[in-house]
Q: 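Before I ask anything, let me first share the structure, which is written out below as structure tokens.
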Amino acid sequence: MGLKRTDSCSNITKEHDGKEIVLCGWVSRRRDHGGLIFVDLRDRSGLVQVVFSPEVNMEAFRKAEHIRTEFVLAVRGTVSLRKAETINPNMKTGEIEVFGVELRILNSANTPPFYIQDNIDVDEIVRLKYRYLDLRRPEMQRNLLLRHQVTKAMRDFFDGEGFVEIETPMLTKSTPEGARDYLVPSRVNPGKFYALPQSPQIFKQILMISGMERYFQIVRCFRDEDLRADRQPEFTQLDVEMSFIDREDILAMMETMISYLFKKTMNTEISLPMQRLSYREAMDRYGSDKPDTRFGMELIDLSAVCKGSDFKVFETVLTGGGQVKAINVKGYAAIPRRELDGLVNYVATYGAKGLAWMCYTAEGIKSPIAKFFSADILDGITNATNAEEGDLLLFVADKPAVVAAALGQLRLEMARRRDLIDPDKLAFLWVMDFPMFEYDEEAKRYVAMHHPFTSPQDEDMEYLETDPGRIKAKAYDMILNGTEIGGGSIRIYTRDIQEKVFKAIGLTSEEANAKFGFLLEAFEYGTPPHGGIAFGLDRLIMLMAKRSSIRDVIAFPKTQSAADVMSQAPSEVAPRQLKELHIKTSVLAKS
RNA sequence: GGCCCUGUGGUGUAGCGGUCUAACAUGCCGCCCUGUCACGGCGGAGAUCGUCGGUUCAAAUCCGAUCAGGGUCGCCA
């Protein structure tokens with residue numbers, strides 16, 4: 001291209017005054033004053049103003065008249081301090097400018113469909129279709145850069161701690177538990193399929209059996225489930241496994257790792273150790289197994305206090321084994337009636353059949369349900385909730401699971417509406433002591449809450465065959481600001497216990513052998529005690545970058561219908577390809 | 001699979017039964033302009049209102065279906 005780049009746009013400083021430099025980049029803006037042309041030249045580093053003047057170089061000036069937005073330029077020019085009255089304090093390079101001596105237009109460009117700048121207000125589908133333009137925007141480049149820095153810091157950290165990064169296969173075996181698999185047909189094995197990994201779980205355990213002792217991997221995983229703002233069908237995990245450790249070892253190691261990342265990439269200190277909550281306590285106090293602890297407004301159990309009232313709704317729930325809980329929305333007794341009605345619909349989403357409320361006003365308690373309660377019960381409610389004049393109490397009565405879901409979500413919603421969440425706060429915590437199994441009503445059997453390779457807690461082993469529902473697991477989740485960013489467990493490492501767990505989730509020994517026989521066999525060849533964890537890299541970066549969607553930290557994400565609007569994946573394939581793969585679809589090809 | 005929201009020039013919005021042969025901003029094109037930095041001035045082009053169907057004398061506007069996007073419940077060991 002003739003001109004060799006000597007500097008990056010935003011790295012030009014007053015120190016460069018008088019120097020001749022060569023810059024390459026894109027035209028961010030052009031301001032043509034007729035006899036003088038200003039171009040804001042942009043590269044990955046930022047912007048600098050280039051001036052084309054007939055008095056400096058007529059040929060360059062003539063060429064600059066034809067420049068348009070997003071043209072690609074190479075410019076040779078002289079750095080010059082700006083006169084005081086022309087300094088732009090809003091620009092990093094606002095004190096200097098570059099007088100263009102030679103201009104090469106490396107490429108022209110169509111007018112982009114949206115501005116290449118931060119904080120644009122454009123339909124996301126347009127951004128995704130023109131992702132290459134979207135990724136030119138500084139904030140997107142910053143996100144990708146942060147992502148790079150974080151994974152770099154991860155590798156540095158783990159390397160320093162004696163971990164080895166090892167790749168595991170992408171073409172793996174479909175397993176019965178867990179999410180829906182992405183399947184890949186095998187051409188050389190007609191009628192058989194690989195599955196893309198939901199996680200490298202079994203491989204990393206096998207690596208422990210292999211004696212690798214400390215493994216990590218930054219690895220793509222695939223789950224064919226519906227998408228969300230924080231869920232893509234393909235996503236990246238930081239996967240970790242260690243031998244000869246117990247739970248405390250891995251929690252400590254991961255806390256150190258996370259604080260290293262934040263220090264290294266954002267210069268943020270995280271105070272350790274992180275807070276811990278048992279699953280039970282998290283559910284009781286926050287109605288969630290991933291509580292946002294940046295604010296209070298905890299759930300208060302009023303089941304005992306309300307027992308024996310004349311309020312039939314509560315009584316029916318309580319005698320049926322349900323519970324009555326409330327949150328205190330401080331200082332919001334003046335909530336508009338319309339908003340209250342809306343909240344009823346809000347909690348209905350989570351299965352609550354109703355929402356009761358009490359407003360503590362200067363004239364006393366205003367509430368449609370207060371009349372059903374004796375003065376004693378009302379006092380009990382007031383004391384338990386610390387309700388004061390100006391406060392709003394919101395009640396849900398139902399089965400514990402519904403109360404937790406409805407009131408837990410309502411707590412978050414009210415915090416957002418009352419602006420109680422400090423966006424700069426980083427609230428880390430561990431949630432632990434999860435139940436090993438939960439009962440799946442649909443399948444009419446127990447399923448592993450974490451996964452079936454998780455070890456039950458030692459004191460609960462005896463219930464494996466008698467009462468699986470009461471067993472707690474050696475599992476732990478790391479939560480940041482109400483989002484699960486990582487989860488793991490101490491694993492089973494004996495055939496005996498693994499077989500019992502498979503049995504508890506309804507796998508016959510034939511099925512267990514067909515699906516996991518190699519693992520069971522491997523356990524018999526000297527398996528060290530081991531455990532690990534996996535972090536959702538996309539979510540972690542999303543939170544670090546303060547974005548509300550992981551799509552903003554993934555270079556080429558998919559839409560809610562799992563499509564890539566830029567490349568148009570997925571797409572139909574040639575009949576010949578299907579034939580080679582021994583596949584017939586039941587969908588008629590569109591004409 | 002359910003629920004909610006959205007779909008009007010390139011982009012973002014307004015219009016929500018007749019005055020819409022669709023408005024505004026920005027962008028785009030042309031001309032002018034030597035100190036701008038969201039440069040400025042003048043002029044111009046550009047959408048039949050996601051698609052299909054229905055109601056009506058009349059539909060961007062109402063109804064239905066459908067497609068696309070977003071959020072969410074289920075789902076995500």
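Each chain gets a letter, A, B and so on, in the order the sequences are listed, and its residues count up from 1.
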Q: Holding to ring-ring contact (aromatic ring centres under 6.0 Å, His included), I want the full list of residues that pass it with A/Phe52, two or more places apart in sequence or in another chain.
A: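 A/Phe52 satisfies ring-ring contact (aromatic ring centres under 6.0 Å, His included) with no other residue.
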Q: List in chain and number order the residues that pass side chain to side chain donor-acceptor pair (under 3.5 Å) with A/Thr349, two or more places apart in sequence or in another chain; answer none if no residue qualifies.
A: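 None.
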Q: Which pairs, with at least one residue in residues 119-140 of chain A and sequence neighbours excluded, count as a ring-ring contact (aromatic ring centres under 6.0 Å, His included)?
A: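 Sorted result for residues 119-140 of chain A: empty, none.
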Q: With salt bridge (Lys or Arg N to Asp or Glu O under 4.0 Å) as the rule and sequence neighbours excluded, what pairs involving residues 549-561 of chain A come up?
A: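 The answer is A/Glu124-A/Arg551, A/Arg127-A/Asp552, A/Glu234-A/Lys558, A/Arg547-A/Asp552.
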Q: How does protein contact run along nucleotides 34-40 of chain B, one letter per nucleotide 5' to 3', with B for base contact, S for sugar-phosphate only, - for none, heavy atoms under 4.0 Å?
A: BBBBSB-
Q: Can you build the contact string for nucleotides 1-6 of chain B? Use B for base contact, S for sugar-phosphate-only contact, and - for no protein heavy atom under 4.0 Å.
A: B-----
Q: What residues form a ring-ring contact (aromatic ring centres under 6.0 Å, His included) with A/Phe99, not counting sequence neighbours?
A: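 A/Phe99 satisfies ring-ring contact (aromatic ring centres under 6.0 Å, His included) with no other residue.
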Q: Report the residues that fulfil ring-ring contact (aromatic ring centres under 6.0 Å, His included) with A/Tyr194, sequence neighbours left out, ordered by chain and then residue number.
A: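 None.
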Q: How does protein contact run along nucleotides 41-52 of chain B, one letter per nucleotide 5' to 3', with B for base contact, S for sugar-phosphate only, - for none, heavy atoms under 4.0 Å?
A: ------------
Q: A/His33: which residues meet the ring-ring contact (aromatic ring centres under 6.0 Å, His included) condition with it, sequence neighbours left out?
A: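 Once residues adjacent in sequence are excluded, the partners of A/His33 under the ring-ring contact (aromatic ring centres under 6.0 Å, His included) criterion are A/Phe38.
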Q: I'd like to check the side chain to side chain contact (heavy atoms under 4.5 Å, CB included) partners of A/Ala348; sequence neighbours left out, ordered by chain and number.
A: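 Per chain and number, A/Ala348 pairs via side chain to side chain contact (heavy atoms under 4.5 Å, CB included) with no residue.
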Q: Report all side-chain donor-acceptor pairs from residues 471-481 of chain A shorter than 3.5 Å, counting only partners two or more places apart or in another chain.
A:
| from | atom 1 | to | atom 2 | distance (Å) |
| --- | --- | --- | --- | --- |
| A/Lys474 | NZ | A/Asp458 | OD1 | 2.9 |
| A/Tyr476 | OH | A/Ser489 | N | 3.3 |
| A/Tyr476 | OH | A/Ser489 | O | 3.2 |
| A/Tyr476 | OH | A/Gly532 | O | 2.9 |
| A/Asn481 | OD1 | A/Ala427 | N | 2.7 |
| A/Asn481 | ND2 | A/Lys425 | O | 3.2 |

